[in-house]
Amino acid sequence: MNEPHQPAEHGETETPPPQSNNKRCFNFQFGWYKKHPWIHYDPSLKRIVCHVCANAKFKGLFSPQAKIEAAFTTIGYCNWKNGNENLKKHENSLLHKEAVSKLLMTKEMPISNKFVSATVKQQEEARTALKAIFTTIMYLGKQGLAFRGTESDTGNFMSLLKLRANDIDNLKTWLDSSRSKTYTSAEIQNSILESVAHSVLRSILPIIQSAKFFSVIVDETTDISVQEQVSLSVRVVSDSLEVREYFLGLYNTASTTGESLTAILLDTLQRFNLPLDNLRGQCYDGASNMSGKFRGVQSRSKLSLQDTISRNAFFRDVLSYVHEIGIILKGSPSRVAKYNELAGKNDPAILRPHPLCPTRWTVRVRSINGVIFGYAALLELLEELSESGDQIASKAGGLRGQLEKGEFYLGLVMARSLFSAAESLSKILQSPTASVSGGIEAATITLKRLISLKSDANFQLLWSSMMEKIDKLSLETPSLPRVRRKPKKLEGTDNTRRFDCPNDRLRVMYHEAIDFMCEEIGRRFDQSGLRLYENLENALLRPFPTNSVALEGCVPPRKMSLRTPLISSDPYRRTPTIPPHREFPTTDTPSMVAEIDAPPPKKYSLPKMTTPVCKVHPTEHLKFKIPK
C-alpha cells in the first residue's frame, strides 16, 4: 500500500480498540493521524504500525546492524496510555529516519536520467546566454561601436553583457562560470559577426537579383591596421521605382592597381551570382589608379586637382604650408584663444585656418581663406610661438619665414581662384539631383571660367593685391631664384627657363596650373562612353514628341542658373548661365563673361502620321578644345 490507512473518527467500524488497565480505559487519539502522518492502522492486527518502517523492512532496505522495532513494523503498537511519548520517540529514532531516506532514494529517477536532466538545464542556460551574446553583438555592430578595449573584460561587449545580466535570469551565473570564457572570446565574436553578415547578404541578394539591372560603387580605404580594403556597394531600382543601395562588404587586397581591383570586383559579382551583362553603371571615387580604367563622374574634378597639384611644385608647397599652419593652430586651445585675440574676434565660428582634409581634395578654399583673412594675426602668433619654449617653436619659425614672403601670399590668392572654381564644379557633380548632361554643362562653364583667369588683367589684379599686402605688413618682395650653375659635363643641356622679372615667372606658373587643370577636366569628360550615357539619359528623362513638333537638337530649350560660390573679396563673382549647346571655349573667349548667349539650335520637323511615332535625332557630340 502506497499510502497509510487512517480510518475516520466517526462512522467507521475499523477503529483501533481501546486499552483497558484495571479500572481505567485508554483510547486511540484520532489527532495522532495529523500529528504523525506515517501511522497506519492494520485491520488484521487491529493495531497501528509505522507505514514507512514497515515498507522499508518489507523491501529489505534496513542495514544488518539496524535495531528494528517489531511494535512498529510487524506485531503492531497498542499502548495508548503512553502513545504521545512513544510515537514521538519513534519518529525521532535513527531507524525511522533511515527508512525515510532509503525510501526516498528508491523513488528518485535513475542516475542516467539525473545526468540527462542536468545536461538539459545547462543547455537551457547556455542557450539563453548565447541569445544574449548574439543580440549584444548585433547591437554593437549596428551602432558601429568597438567590441574590445585595452583588456577583453573592460570593453563594450563584456560591459553590456554584465549590464544585461541584471535583467536576464541565470546569465550572471553563466558569465561567472568557466564556460563563458570560450563563448565570449574574440574568435567567437568575429565568427558571430561573420554569420550575421552572411545572413544579411542572403536576405538582400534576392532583392538585387529580382531587380536584374544594377550599378556598382567601389572605393578603396585603409583601416586602422594599415590594410588596404575595397568596399563594394550595389545600387538598384525596385519595382516601385525606388532607388536602393546595399553594402556588400569589405575585401582585403594586397595591391591597389587597376587590374587587382578589377579582379576583386569581377570575382565578387560572380560569387554573388550577379551577371556582368546586367551591370548598368559604375562609380569609383578617391583613387587616381581608378582613372585609367574607371572614371566616375564625382571623381573627375577631384582627380584633376590632385594631378594639377602634383605637377606644380609651387602650389604643392603653398598647400603644404597651409596644412601645417592649421595643425599648429588646432593643436592647442590656448593657441586658438591667442589667435582670436590677435585677430580681434572672439566668435568661435570666425574663419580661421584649418588642416586640409587628406581625402576631400576639393575642400581647400575654406582653409586658404582662413590664412588670407588672418594673415597679420598669424604672423604675430607664429613669432610668439617661435620665441617660446614650445616643442613646435622651430616649425613655427619656419612657417613664419614663409608667411613673410610676398610670393607666398600671391600663391594663396592664386590657389584660391583655382580651387573655388573646382569646388563649385564638385558640389554640382555630387548633388543628389545631378545628371550627366548637367555635369557636362557645369564642366563647360568651369572651363570657360578657368580660361578667363589666364587674362593679363586678372593676374595684374592678383599681383596688385599682393603688393598692397606687402606694403601693409612689410613682407618680402618676390625675387627671381638663384640660378644654379651647371657642371661642365652638363653644359649645353640646360633647359631651365630664364625670366626677366619675378612677375613673369609667377604668371607662367599660374597659367601652367590653369592649363593642367583644364587639360585634366577635358580629358575626363571627353569620353565616348560618357556621351553614350548622356544620350541614354536624355532618352529616358526627356519626353518624346508624339506628333509633328519641332525638336531643337533633341534638347528642349532651357536656361539653368549655375551659381558658383566664391569668396566675397573675389572681384569676379558672377552668376553664369548654362547655354543650350556645349562647345569648349578657345583662347579667344572673352574673360569672365557674365552670361553666354548661344545661337538658337537647328529645328527638326517630324511628318504627321496617324500613329504616334517617337524619333530622336542624334545630337552633336561635345568636342573639348583646350588651349595649348
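For the single chain, residues carry numbers from 1 onward in sequence order.
- In this structure, S424 contributes its side chain and S420 its backbone to a donor-acceptor pair below 3.5 Å.
- Counting all heavy atoms, side chain and backbone alike, I368 lies closest to A415 at CD1-CB, 4.0 Å.
- Here E441 contributes atom CD and F525 contributes atom CZ; the two are 11.5 Å apart, rounded to the nearest 0.5 Å.
- When each of L425, L418, D515 is paired with L450, the side chain to side chain contact (heavy atoms under 4.5 Å, CB included) condition holds for L418 and for no other.
- Annotation for D500: atom CG does not count as buried by contact number, only 12 or fewer foreign heavy atoms lying within 6.0 Å.
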Step by step, would you call L201 with I204 a side chain to side chain contact (heavy atoms under 4.5 Å, CB included)? CA-CA 5 Å; L201 286 175; I204 65 177; 4.1 Å; yes
Check against side chain to side chain contact (heavy atoms under 4.5 Å, CB included), T268 and I264: CA-CA 6 Å; T268 304; I264 292 176; 4.1 Å; yes
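- The pair R507-D504 counts as a salt bridge, with a side-chain nitrogen and a carboxylate oxygen less than 4.0 angstrom apart.
- In summary, K405 and E476 do not engage in a salt bridge, as defined by a charged side-chain N under 4.0 Å from a carboxylate O.
- In this structure, CD1 in I133 is found 8.5 Å from CE in M158, a value given to the nearest 0.5 Å.
- Residues L382 and L403 are in side-chain contact: their nearest non-hydrogen atoms beyond the backbone lie under 4.5 Å apart.
- One N or O on the side chain of S464 and one on the backbone of Q460 form a donor-acceptor pair closer than 3.5 Å.
- Between I372 and K469, the shortest heavy-atom contact is O-NZ, 4.4 Å.
- For the residue pair L506 and M414, the shortest heavy atom distance occurs at O-SD, 4.3 Å.
- Judged by distance alone, with hydrogens and angles left aside, the side-chain atoms of S159 form no donor-acceptor pair with the main-chain N or O of N156 at under 3.5 Å.
- The two residues L342 and L381 come nearest to each other via the heavy atoms CD1-N, 3.6 Å.
- Looking only at side-chain heavy atoms (C-beta outward), P502 and E407 stay at 4.5 Å or farther from each other.
- Using a distance-only test at 3.5 Å, with no hydrogens or angles considered, no donor-acceptor pair links the side chain of S231 to the main chain of L250.
- Among all heavy-atom pairs drawn from L385 and A396, the shortest one is CB-CB, 3.7 Å.
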Criterion side chain to side chain contact (heavy atoms under 4.5 Å, CB included) on I327 and H323, from CA distance to verdict: CA-CA 6 Å; I327 291 178; H323 180 65; 3.2 Å; yes
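- Counting only heavy atoms from C-beta outward, the side chains of C518 and I451 approach each other to under 4.5 Å.
- Rounding to the nearest 0.5 Å gives a distance of 10.5 Å between CE of M466 and CD of E468.
- By the 30° and 60° cut-offs, the orientation of the rings of F408 relative to Y375 is tilted.
- Other residues, nucleotides and ligands contribute at most 12 non-hydrogen atoms within 6.0 Å of the OH atom of Y139.
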Evaluate I208 against L248 for side chain to side chain contact (heavy atoms under 4.5 Å, CB included), listing each step before the verdict. CA-CA 11 Å; I208 301 174; L248 297 184; 4.1 Å; yes
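- Within the model, atoms OG of S195 and CE of M138 stand 11.0 Å from one another, a figure rounded to the nearest 0.5 Å.
- Proximity of a side-chain donor or acceptor of Q402 to a complementary backbone N or O of Y321 within less than 3.5 Å is not detected.
- Scanning both residues, Y339 and A377, for their nearest heavy atoms gives CE1-CB, 3.9 Å.
- R505 is not listed as a side-chain neighbour of P478, based on a closest heavy-atom distance of 4.5 Å or more.
- Between the CG atom of L410 and the CZ atom of F459 there is a distance of 5.5 Å, given to the nearest 0.5 Å.
- The CZ atom of F315 sits 8.5 Å away from the CE atom of M517 when rounded to the nearest 0.5 Å.
- Under the 3.5 Å distance criterion, the side-chain polar atoms of S426 are left unmatched by any main-chain donor or acceptor of A422.
- With a 4.5 Å cut-off on side-chain heavy atoms, N458 and L462 count as touching.
- No more than 12 heavy-atom neighbours from other residues, nucleotides or ligands sit within 6.0 angstrom of CD on Q391.
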